[in-house]
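First the structure, in the form of structure tokens, and then the observations on it.
Numbers here simply count residues along the sequence, with the first being 1. Please read these numbers as outputs of a predicted model, since none were measured by experiment.
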Amino acid sequence: MKKNLLIALALVATGIFSASAQDDVFLSTGAERPYRIPAIATLKDGSLLAISDYRPCYKDVGNGEVDMYAKVATMDAAGNYSWSGEAKLIADGTDDCGYGDAALVVDRESGDALVICVSGKVVYGSGSSTNHNGMSRIVRSAANGEWSEPDDNVSDAFFRELSSAYTMFMASGRMLQSNIVKAEGAEYYRIYGALLVHGSEGEGNYVVYSDDFGNSWNLLGDGMCVKGVNEAKLEELPNGDIVISSRANGGRIFNVFNFTNLQTAEGNWEGQPDEVYNFEGNVASASGKSGCNGELLFYKGLVNVDDGKTYNVMLQSLPAGTSGNEKRSNVTVFYKAFEADKTSWAVSDFTSGWAKGLEVDGGESAYSTMTILPNGNIGFLYESEEVVFGKFFFKYYGYNIKFRNLTVNEITGDAYKNPTYSVNLNECAIDGESKALATFSAPVSTRCPEGVAAYYIKAMNNGYAKLEAVEEGKTIPADAGVMLMADAAGSYTMTGVGEFADAALTDNMLVGSSNGTVTFGDGVEGYILKGDGQGGVAFYKATGTLGKNKAYLNLDGAELSAGVRITIDGTTAIEDVVEVQGVEDVIYDLYGRRVSEM
């Protein structure tokens, strides 16, 4: 169609098809109309999905035609991204209907992507009890990369749940999927969204959740959780509680939802906070014009460079601005570290103690969003370089939407880094070949170094456990038990990379001890890997304890009189496994020498 041709010509003119211009994703410079409002997510294969409004009407949804475009960036072996593909039209607006402000999430299991966006022809804030704007749902299939048509019927689910609302939209950028909660009988992990609502009860934020990937939605809590604010972002805390960070002039207002029952979503918000936190005075409050939304991201398992301890670190991006400047500018990432074993949460946890991290852009800059990359870096997508468009006597604004591949060290000024885990692989024989082996687990997702392969166990046959290979280059999920294997014995380093994981360990029978020492007995049963004194290894019934960052074999209560040997190719002849008595504290290598651990 003509619109597609115009967009394609504009993108070519601005160099967006060039693989060398990796930082430029959607450029208003050189385009006929402005790009606004970025969203980004990491796909299951490690590539990136970015979405932006394209605004033929120049303004927000409700003022005329607004379209949404998506681009995918591919990653090379060094972890660099190339935005060389064509922008794809995923929501085709008309003169009296727009689609914009994409909230985006990728399902961790299916890999499908979900977008919830505002739609229709009613401007936010100008509706009534009988004249609402629309809400739409769009899905990208992981199987073929194709997008569904916008489903406008989801509007009914939102306005039915919030009957006092006149107009609403979900905060753009990163939608939140729980790492913890999958409701009984549900196909998907729970999704949360932060709504800005204007209605008969005033204006403010509500939080909604969906257990069916955005087809239906329910209200979290009893009502509005932050009043008199603007857009908001959400994050899940380690115990499943939800923190909301709401946009306010000069900073953010935080609230926390404490669950009493995660499965049924019962619990309470911590009152109605109204304290605006300005990040220790580092956010200018010259004007409401300088404020806009940013991203909230909880990064687990980072190491403090000074004390060597592990912390969970919350990141908050927003335009810090400069004193006396009404324009949005100086997009910055602030951060705050929490003890890794912290189990309870309150509003007061978020209203002090933040540090100013990386200033991503020192000039005019506005909305921003983040995603964790497969190598543990942060993919940062944001609006930079305000671009002015003139129409008659009016001025309208767009931005050049850019991408940066940032390390945790950069963001925190070398205060924090990704964790590493040293693992000793000991020599043994498997299927008649000399290998080096150890069990492993970690509280964060990890990647193998060169020369090390990861395996898991999903099936047993006649006393043998068959090792299934984790696909090379894939990221091992947090807390998953695996077996690491190399050709030569020695010490190898596993690297922690946050929460992203793309390795599928279906029906894995290995259980990790990533969260601390496991003590067997009193209902905890398992089999641990030991040498058999004959050059081989097997899993033997465990007694005593298993150290942190290892793994054991879970047989769901089955009792074996002998050990469980392992095989890679599954063709090894089944032999009687010699039960070795009293081997719990003794491990042997291929040559019968005692070693410390496997």
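- In this structure, the side chains of Val72 and Trp83 stay at 4.5 Å or more apart for every pair of heavy atoms.
- In this structure Asp349 satisfies the salt bridge (Lys or Arg N to Asp or Glu O under 4.0 Å) test together with Lys342, sequence neighbours excluded.
- For the side chain to side chain contact (heavy atoms under 4.5 Å, CB included) test, residues two or more places apart in sequence or in another chain that qualify with Thr506 are Ala504.
- Contact record, Trp345 with Leu237: CG-CD1, 3.5 Å, taken as the closest heavy-atom pair.
- With contacts defined as side-chain heavy-atom distances shorter than 4.5 Å, the pair Ile566/Tyr455 does not qualify.
- Looking at residues two or more places apart in sequence or on another chain, you find a side chain to side chain contact (heavy atoms under 4.5 Å, CB included) between Asn144 and Ser141, Glu146.
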Listed pairs under 3.5 Å, donor-acceptor, residues 471-486 side chains, sequence neighbours left out:
from, atom 1, to, atom 2, distance (Å)
Thr475, OG1, Arg447, NH1, 2.8
Asp479, OD1, Ser514, OG, 2.5

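- Within the 4.5 Å cutoff, no side-chain heavy atoms of Lys336 are placed close to those of Tyr311.
- Contact annotation: the side chain of Phe259 approaches that of Leu220 to within less than 4.5 Å [non-hydrogen atoms, C-beta and beyond].
- The backbone N or O of Ala551 sits nowhere less than 3.5 Å from a side-chain atom of Ser441 that would complete a donor-acceptor pair.
- With Glu235 contributing its side chain and Phe298 its backbone, the two residues share a donor-acceptor pair below 3.5 Å.
- Aromatic rings from Tyr527 and Tyr540 are positioned such that their centres are separated by 6.0 Å or more.
- When the shell of 6.0 Å around CD of Gln263 is examined, it contains more than 12 heavy atoms from other residues, nucleotides or ligands.
- No donor-acceptor pair closer than 3.5 Å links the side chain of Asn418 to the backbone N or O of Gly301.
- Looking at residues two or more places apart in sequence or on another chain, you find a side chain to side chain donor-acceptor pair (under 3.5 Å) between Asn261 and Thr264.
- A search for side chain to side chain contact (heavy atoms under 4.5 Å, CB included) contacts involving Val305 returns Lys417, not counting sequence neighbours.
- Side chain of Asp112 to backbone of Ala142: a donor-acceptor contact under 3.5 angstrom is found.
- The aromatic ring centroids of Tyr552 and Phe520 lie less than 6.0 Å from each other.
- Residues satisfying the side chain to side chain donor-acceptor pair (under 3.5 Å) test with Tyr192, not counting sequence neighbours, are none.
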Listed pairs under 3.5 Å, donor-acceptor, residues 39-48 side chains, sequence neighbours left out:
from, atom 1, to, atom 2, distance (Å)
Thr42, OG1, Thr371, OG1, 2.8
Thr42, OG1, Ile372, O, 2.8
Lys44, NZ, Glu109, O, 2.9
Asp45, OD1, Ser47, N, 3.0
Asp45, OD1, Ser47, OG, 2.5
Asp45, OD2, Ser47, OG, 3.4

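- Using a 4.0 Å cut-off between charged side-chain N and carboxylate O, Lys435 and Asp487 make a salt bridge.
- A donor-acceptor pair under 3.5 Å links the side-chain atoms of Asp431 to the main chain of Ile568, judged by distance alone.
- Judged by distance alone, the side chain of Glu295 and the main-chain N or O of Lys233 form no donor-acceptor pair under 3.5 Å.
- At a threshold of 4.5 Å between non-hydrogen side-chain atoms, the residues Met314 and Leu296 count as touching.
- Cation-pi geometry between Arg190 and Tyr209 is met: the NZ or CZ atom falls under 6.0 Å from the ring centre, inside 45° of the normal.
- Between the Arg137 side chain and the Leu114 main chain, no donor and acceptor come within less than 3.5 Å of each other.
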**Message:** Let's go through Lys71 and Lys88 carefully: what are the C-alpha distance in whole Å and the side-chain angles of both, what is the deciding distance for side-chain contact (heavy atoms from CB on, under 4.5 Å) to 0.1 Å, and is it a yes or a no?
**Reply:** CA-CA 6 Å; Lys71 285 178 64 70; Lys88 183 178 181 64; over 6 Å; no
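- Annotation: side chain of Val243 is in contact with side chain of Phe254 (closest heavy-atom distance under 4.5 Å).
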**Request:** Would you check, one step at a time, whether the test side chain to side chain donor-acceptor pair (under 3.5 Å) holds for Tyr416 with Asp306?
**Result:** CA-CA 8 Å; Tyr416 290 87; Asp306 290 333; over 6 Å; no
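- Under the 3.5 Å distance criterion, the side-chain polar atoms of Ser513 are matched with a main-chain donor or acceptor of Lys550.
- When every heavy atom of Asn312 is checked against every heavy atom of Ala340, the shortest pair comes out as ND2-O, 3.7 Å.
- Of the N and O atoms on the side chains of Tyr81 and Asp23, not one donor lies less than 3.5 Å from an acceptor on the other residue.
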**Asked** Could you walk me through whether Leu529 and Leu437 pass the side-chain contact (heavy atoms from CB on, under 4.5 Å) check?
**Response** CA-CA 10 Å; Leu529 189 66; Leu437 192 69; 3.7 Å; yes
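- Val106 and Ala113 get closest at one heavy-atom pair: CG2-CB, 4.1 Å.
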**Request:** Test side chain to side chain donor-acceptor pair (under 3.5 Å) on Glu266 and Thr260 and set out the steps.
**Result:** CA-CA 6 Å; Glu266 295 174 86; Thr260 56; 5.3 Å; no
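- For Ser216, the side chain to side chain contact (heavy atoms under 4.5 Å, CB included) criterion is met by Asp212, not counting sequence neighbours.
- Residues satisfying the side chain to side chain donor-acceptor pair (under 3.5 Å) criterion with Ser317, sequence neighbours excluded, are Ser368.
- Phe350 has its ring centre less than 6.0 Å from the ring centre of Phe338.
- Between Pro443 and Tyr421 the shortest heavy-atom distance is CD-OH, 3.5 Å.
- Counting heavy atoms from C-beta outward, Arg565 and Met460 have side chains that stay 4.5 Å or more apart.
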**Message:** One pair to check against side-chain contact (heavy atoms from CB on, under 4.5 Å): Thr446 and Thr495. What are the steps and the verdict?
**Reply:** CA-CA 5 Å; Thr446 50; Thr495 302; over 6 Å; no
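- In terms of modelled atom types and a separation under 3.5 Å, the side chain of Gln177 and the main chain of Tyr189 share a donor-acceptor contact.
- For Lys300, the salt bridge (Lys or Arg N to Asp or Glu O under 4.0 Å) partners at least two apart in sequence or on another chain are Glu499.
- Across all non-hydrogen atoms, the minimal contact from Ala102 to Val115 is CB-CG1, 3.8 Å.
- Minimum interatomic distance between Phe213 and Ser210 (heavy atoms only, all atoms of both residues): N-OG, 3.6 Å.
- Remark: the backbone N or O of Ile430 is not paired with any side-chain donor or acceptor of Glu433 at under 3.5 angstrom.
- Between Leu302 and Val408, the closest side-chain pair of non-hydrogen atoms falls below 4.5 Å.
- Remark: Arg108 engages Asn179 in a side chain to side chain donor-acceptor pair (under 3.5 Å) (not counting sequence neighbours).
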**Prompt:** Going through the distances and angles, do Thr545 and Thr519 end up as a side chain to side chain donor-acceptor pair (under 3.5 Å)?
**Reply:** CA-CA 4 Å; Thr545 61; Thr519 301; 5.8 Å; no
